[in-house]
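Here's the structure, in structure tokens; my notes come after.
A note on names: the letters A, B, ... follow the listed sequences, proteins ahead of strands, and every chain is numbered from 1.
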Amino acid sequence: MLVATWNVNSLKIRKERVLAWLADRRPDVVCLQELKGVDEAFPFEEIRQAGYHAAVFGQRTYNGVAILAREEPAEVERGFGDGVDDQQARLIAATVAGVRVLSAYMPNGGEVDSEKYEYKKEWLGRLKTYLERRDLLSQPMLLCGDFNIAPEKQDASRPEEWEGTVLFNDEMRAKFQEFLQMGLVDTFRMHQPEGNFNSWWDYRQLAFPKNNGLRIDHILASPSMARCCIASRIDREARKGKLPSDHAPVFAEFSAS
DNA sequence: ATGGTTGCTTAGCAA
């Protein structure tokens, strides 16, 4: 089973690119983030013609997440369901081929110590509670998405330039570690433990040509899924060319399920 | 050199 996660930064603008990418890479499951559109605007028909079912949690202007799959996603859940009044569509979960798949768009955080940064920390705490309450670590589960956290120093090409930002600081690295301490495994680092790799490059200041980026998009696996993870990679090619997203897709491949 | 990008929505915000 080939699984991908991709922050597309507007599905409306990126639709043709996404369809071409699906036809070429042929993943079994795709977690999308930053759709930036309501459910009614989602291109269900074109996605179906490409051979995928879709579970969608859209929102006007901002956020919006989805799960595409060869088979119909079951038991779809939108949001945390924790009673918190939250208008932001940042989490969708569904069962595909016996695997609980989560597509998550973590808050960026704006500036350190801002209201948005507080929301980011709260949101990560709510996600941790969500994983615990649903006992998701004890079953085949993949937490996929734009974490807006580069978990290690080597996950920034220019660590000195990024240190202290909302994407790359001690507090966020510690938050990410909490997920690993629960038993989740960073599937990319399973197969590529050393070296700098990026999944996101700012649109500004020629960041991509200069390879000034961060690895902030991740596929974390529960222990039973980590055991059958046979490969991982970042699809850097998909960041090139005309009208790219600022994120590259990330893949993980599994031998079972 | 106090800049630079993109997308949504309508000049300002978010990333």
Side-chain angles (χ1 to χ4, degrees), chain A residues 5-21 31-43 46 56-66 79 86-92 103-124 127 144-151 155-169 171-173 175-176 197-218 234-250:
Chain A
T5 185
W6 193 6
N7 178 323
V8 293
N9 185 22
S10 169
L11 185 55
K12 184 183 177 182
I13 287 287
R14 222 69 63 201
K15 185 178 73 179
E16 294 306 324
R17 181 180 270 264
V18 169
L19 291 169
W21 176 85
C31 294
L32 299 177
Q33 300 87 37
E34 279 213 88
L35 306 178
K36 293 189 171 179
V38 294
D39 290 7
E40 292 70 26
F42 189 89
E46 283 155 293
V56 180
F57 187 24
Q59 184 188 329
R60 181 182 180 266
T61 312
Y62 305 118
N63 309 316
V65 287
D86 188 345
Q87 304 304 309
Q88 304 195 29
R90 293 182 175 275
L91 178 70
I92 188 168
S103 178
Y105 176 44
M106 283 65 166
N108 170 287
E111 301 289 331
V112 171
D113 295 332
S114 68
E115 215 168 278
K116 284 180 190 159
Y117 190 67
E118 291 305 309
Y119 175 72
K120 182 180 194 176
K121 289 190 280 186
E122 281 167 25
W123 200 96
L124 292 166
L127 176 60
C144 311
D146 176 0
F147 281 64
N148 272 312
I149 300 173
D155 292 318
S157 291
R158 301 183 184 188
E160 68 295 332
E161 185 175 318
W162 287 94
E163 185 57 43
T165 66
V166 291
L167 306 178
F168 194 65
N169 65 51
E171 190 168 38
M172 285 299 122
R173 284 187 284 268
K175 282 282 176 196
F176 191 90
F197 299 86
N198 304 317
S199 67
W200 169 82
W201 299 259
D202 199 288
Y203 283 127
R204 292 168 283 192
Q205 294 174 287
L206 301 172
F208 186 65
K210 293 192 286 196
N211 194 35
N212 179 10
L214 300 170
R215 190 177 71 93
I216 59 174
D217 300 271
H218 309 296
I234 297 173
D235 192 354
R236 202 174 188 284
E237 288 301 308
R239 178 62 174 78
K240 298 179 180 176
K242 259 187 73 178
L243 284 178
S245 169
D246 45 354
H247 295 254
V250 175

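- A:Asp246 places its CG atom 9 Å from the P atom of B:dG7, with the value rounded to the nearest Å.
- For the pair A:Phe147 CZ and B:dA15 P, the computed distance is 17 Å after rounding to whole Å.
- Nucleotides B:dT10 and B:dT6 place their C1' atoms 16 Å apart, quoted to the nearest Å.
- When each of A:Asn63 and A:Arg14 is assigned the nucleotide of DNA chain B bearing its nearest heavy atom, the one mapping closer to the 5' terminus is A:Arg14.
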Look for any protein N or O under 3.5 Å of an N or O in nucleotides 2-4 of chain B and output each such pair with its distance, or none.
| from | atom 1 | to | atom 2 | distance (Å) |
| --- | --- | --- | --- | --- |
| B:dG4 | N7 | A:Gln205 | NE2 | 3.1 |

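- Counting to the nearest Å, the C1' atom of B:dT6 and the CG atom of A:Leu11 are 16 Å from each other.
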What do the steps show when you test A:Asn148 against A:Trp200 for side chain to side chain donor-acceptor pair (under 3.5 Å), and what is the final call?
CA-CA 9 Å; A:Asn148 272 312; A:Trp200 169 82; over 6 Å; no

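- Comparing the P positions of B:dT2 and B:dC13 gives a spacing of 22 Å, expressed to the nearest Å.
- With sequence neighbours excluded, the residues forming a side-chain contact (heavy atoms from CB on, under 4.5 Å) with A:Ala104 are A:Leu91, A:Met106, A:Trp123, A:Leu143, listed by chain and number.
- Nearest nucleotide to the side chain of A:Arg90, out of B:dT5, B:dC8, B:dA15: B:dA15.
- The list of salt bridge (Lys or Arg N to Asp or Glu O under 4.0 Å) pairs with a residue in residues 7-17 of chain A, not counting sequence neighbours, reads A:Lys15-A:Glu46.
- Contact annotation: A:Ser10 side-chain N/O to B:dC8 OP1/OP2 distance is under 4.0 Å.
- Comparing A:Pro107 and A:Pro244 by the nucleotide of DNA chain B whose heavy atom lies nearest to each, the residue mapping closer to the 5' end is A:Pro244.
- The residue A:Phe208 sits apart from the nucleic acid: no heavy atom pair falls under 4.0 Å.
- Across the P atoms, B:dG12 and B:dA1 are found 29 Å apart, a figure rounded to whole Å.
- Partners of A:Tyr62 according to the ring pair (Phe, Tyr, Trp, His ring centres under 6.0 Å) rule, which considers only residues two or more places apart in sequence or in another chain, do not exist here.
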Carefully, step by step, assess A:Glu163 and A:Arg173 under the rule salt bridge (Lys or Arg N to Asp or Glu O under 4.0 Å).
CA-CA 11 Å; A:Glu163 185 57 43; A:Arg173 284 187 284 268; 2.8 Å; yes

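- When heavy atoms are screened at a 4.0 angstrom cut-off, A:Leu243 is found touching the sugar-phosphate backbone but no base atom.
- Counting to the nearest Å, the P atom of B:dA15 and the CH2 atom of A:Trp162 are 14 Å from each other.
- Other residues, nucleotides and ligands contribute at most 12 non-hydrogen atoms within 6.0 Å of the CD atom of A:Glu111.
- A straight line from CG of A:Asn108 to P of B:dG7 spans 17 Å, rounded to a whole angstrom.
- The side chain of A:Thr61 has B:dC8 as its nearest neighbour among B:dT5, B:dA14, B:dC8.
- Residue pairs meeting the salt bridge (Lys or Arg N to Asp or Glu O under 4.0 Å) criterion with at least one member in residues 200-216 of chain A, sequence neighbours excluded: A:Asp155-A:Arg215, A:Asp186-A:Arg215, A:Asp202-A:Arg204.
- At whole-Å resolution of the value, OH in A:Tyr203 and C1' in B:dA14 are 13 Å apart.
- A:Lys242 places its NZ atom 12 Å from the P atom of B:dT6, with the value rounded to the nearest Å.
- Neither OP1 nor OP2 of B:dC8 sits under 4.0 Å from any side-chain N or O of A:Lys12.
- Between the NZ atom of A:Lys120 and the P atom of B:dA14 there is a distance of 15 Å, rounded to whole Å.
- Residues passing the ring pair (Phe, Tyr, Trp, His ring centres under 6.0 Å) test with A:Phe176 are A:Phe147, A:His218, sequence neighbours excluded.
- In the set B:dC8, B:dC13, B:dT5, B:dC8 carries the atom at the smallest distance from any side-chain atom of A:Lys36.
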